[in-house]
Asks: 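Below is a structure I'd like to ask you about.
Basis for what follows: all heavy atoms, side chains included, without hydrogens, waters or symmetry-related copies. Lettering follows sequence order; numbering is per chain, from 1. Just so it is clear, the structure is predicted and the values come from calculations on it, not from any experiment.
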Amino acid sequence: MDKFSYINATSLKQVTSLLSDSGWGEVMLLAGGTDLLSELKEYIETPKTLINLKTLPGMDGISENANGIKIGALTTVADIAMHPSIQQHYTVLAQAAASVATPQIRNVGTIGGNLCQRPRCWYYRDETVNCIKKGGDLCYAVDGLSKYHAIFDGDPVYIVHPSDIAPALIALDASIKITGPEGDKTIKVEEFFTLPSDNPFRENVLQPNEIVVEIQIPKPKLNTKSYYLKAREKGAPDFALVSVAGVFEMAGRTCQIANIILGGVAPKPRRSTEAEAALTGKMLNKDVCTMAGAEAVQKAQPMNDNAYKVTLTQNLISRTAMMAVS
Amino acid sequence: MSEKEKKQSKNISRRSFIKGVGTGTVAATVAPAILVGNEKTAEAQTDGAVDSAKIQLNINEQVYEVDVEARTTLLSVLRDGIDTAGDNVDLTGAKLICDRGECGGCTVLVDGKPVYACMMLAMDAQGQQITTVEGIADGNNLHPVQEAFIKHDALMCGFCTPGFIVSSVALLNENNKPTIAEIKEGLSGNTCRCGTYPFIFDAVETASQKM
């Protein structure tokens, strides 16, 4: 790691004013640090100053009322995974949080950090590779090794978004509160993430002087069932090869509303409108669910090494939908 | 290099190698702060930001005062730190292996929860209770997890063992009658390259019966 200086945050106002004084990468935010420190150790980022957010008051914790739940950005992934009410009513989120990395990382990693974590692409993470994300001309995955890369929406950068929590939040129609020098704004988590065709350097709409402060999730209806299925290369903790966050409003065996959000297949969490259309209003059975999976991958564009993700996506979607009636 | 020197350098024993490294460490740590990586100095200074600081860490119920750079990890302090009185912290139970929060060799407890010491800045560990594998036993009385690891021979090379012991203790403190699935999940952040997992899981099961 290069040297940097360290300052404890005292208020959001102080944080945003410290950030305003610099562009990207000069002053960076430190919460759990499990992603940031690995970037610093690989010299992917070389900030001059880190702001320790953990000293901000009132930014961690989960509060609940009849309308929904609010999660402070500094809440650890472990606290979300273990929260009884999240497990019961927001099951897809609890399952997604429990699938993140290892107990040691979940104990310090925060939900804000999980949403803002950078891609795991091995070219991006290699100090010696100057890819498009770092200002270069090429996405090296195109002609290189693309086993873990995107099958949707890649052009011109074929990363996948690594978050497990983001697909679950989008499937639950969650919003994200962001603070900047001009005050607060709240947008849908779905609108938070961006594609490389919009901006190849970043994965979300955050400006250099903005910070994520809270996640808000409306309470799902009583007839809601939700699941997070994650395919990993082996039984041990890992990032998703493909994941599916499915939220279904059911009337008996009929699916009234389906939210199907895919992780691990695109540079941002991808809503499968095709699978949703194939499930909505249908009596769920094996044929309907299989068809939904097949529809979802019609537009997939696999690279040299990741055609397996197409089959995996298809099957995970049908399995997720079948769970709503099993 | 003369022929003789070449021959000598080939014959370095494991012990003399370790002793040599030890001397190097002492010489290097005469400098007040622990230096890691290259020496590019932060140019911009933000008001109130510090490049280094004298901090207090509560490790195994003992307070250590150390001078650290902002970039010093908790693991660096544990293994290579020197307190302000000039004594080595010398808690080398937590191992430096992957240094990327993947292998679990550096697992310590922070306020009772297992974390990777390599992925936590020393500055961030202030004000919390840190327990390393050295603080698991009660004096000369081994912790039930440690006894069970010995009983089941739950190690081969033993390098990952301190991390596994700490993770196992954390798991059993939370859940003293875990199922085998819960044991596997609780230890999923630790890696044993010798593959002694079945013995480790047996040891945790045995320990759980004594807790």
Asks: Name, in order of residue number, those residues of residues 107-126 of chain B that have a heavy atom at a distance of less than 4.5 Å from a heavy atom in chain A; otherwise write 'none'.
Replies: B/T107, B/K113, B/P114, B/V115, B/Y116, B/C118, B/M119, B/M120, B/L121, B/M123, B/D124

Asks: For a quick test of reading the model, state the closest non-hydrogen atom pair linking A/Q104 to B/G189 and the distance between them.
Replies: OE1-CA, 3.4 Å

Asks: Check whether A/L50 gets within reach of chain B through its side chain, its backbone, both or neither, counting any heavy atom under 4.5 Å.
Replies: side chain

Asks: Just wondering, more than 12 heavy atoms not from B/M211 lying within 6.0 Å of its CE?
Replies: yes

Asks: Might you confirm whether atom NZ of B/K151 has over 12 heavy atoms from other residues, nucleotides or ligands at distances under 6.0 Å?
Replies: no

Asks: If I compare all heavy atoms of B/G186 with all of A/P103, which pair ends up nearest, and what's the gap?
Replies: O-CG, 3.7 Å

Asks: Should we say atom CZ of B/R100 is surrounded by more than 12 heavy atoms from elsewhere, each under 6.0 Å from it?
Replies: yes

Asks: Is the number of heavy atoms from other residues, nucleotides or ligands within 6.0 Å of OH (A/Y227) greater than 12?
Replies: yes

Asks: What's the shortest heavy-atom distance between B/G101 and A/I105, and which atoms?
Replies: O-CD1, 3.5 Å

Asks: Answer yes or no: are there more than 12 heavy-atom neighbours, outside A/Q14 itself, under 6.0 Å from its atom CD?
Replies: yes

Asks: Is the number of heavy atoms from other residues, nucleotides or ligands within 6.0 Å of NZ (A/K54) greater than 12?
Replies: yes

Asks: Between B/A70 and A/F4, which heavy-atom pair has the shortest distance, and what is it?
Replies: CB-O, 3.3 Å

Asks: Tell me, for A/L30 versus chain B, whether the close heavy atoms (under 4.5 Å) come from the side chain, the backbone, both or neither.
Replies: side chain

Asks: Between NZ of A/K48 and CG of B/D51, what distance do you get to the nearest 0.5 Å?
Replies: 12.5 Å

Asks: So with a 6.0 Å cut-off around CZ of A/R125, is the heavy-atom count from everything else above 12?
Replies: yes

Asks: Salt bridge or not between A/K41 and B/E102? Use side-chain N to carboxylate O under 4.0 Å.
Replies: no

Asks: Could you pull out the closest heavy-atom pair between B/A49 and A/T49, with the gap in Å?
Replies: CB-CG2, 4.2 Å

Asks: Could you tell me which residues in residues 162-171 of chain B have at least one non-hydrogen atom under 4.5 Å from a non-hydrogen atom of chain A, sorted by residue number?
Replies: B/S167

Asks: Looking at A/K13, I'd like to know if its NZ atom is crowded, meaning that more than 12 non-hydrogen atoms belonging to other residues, nucleotides or ligands lie closer than 6.0 Å.
Replies: no

Asks: Just give me the residue among A/A101, A/P237, A/A78 that pairs up with chain B most often, heavy atom to heavy atom, under 4.5 Å.
Replies: A/P237

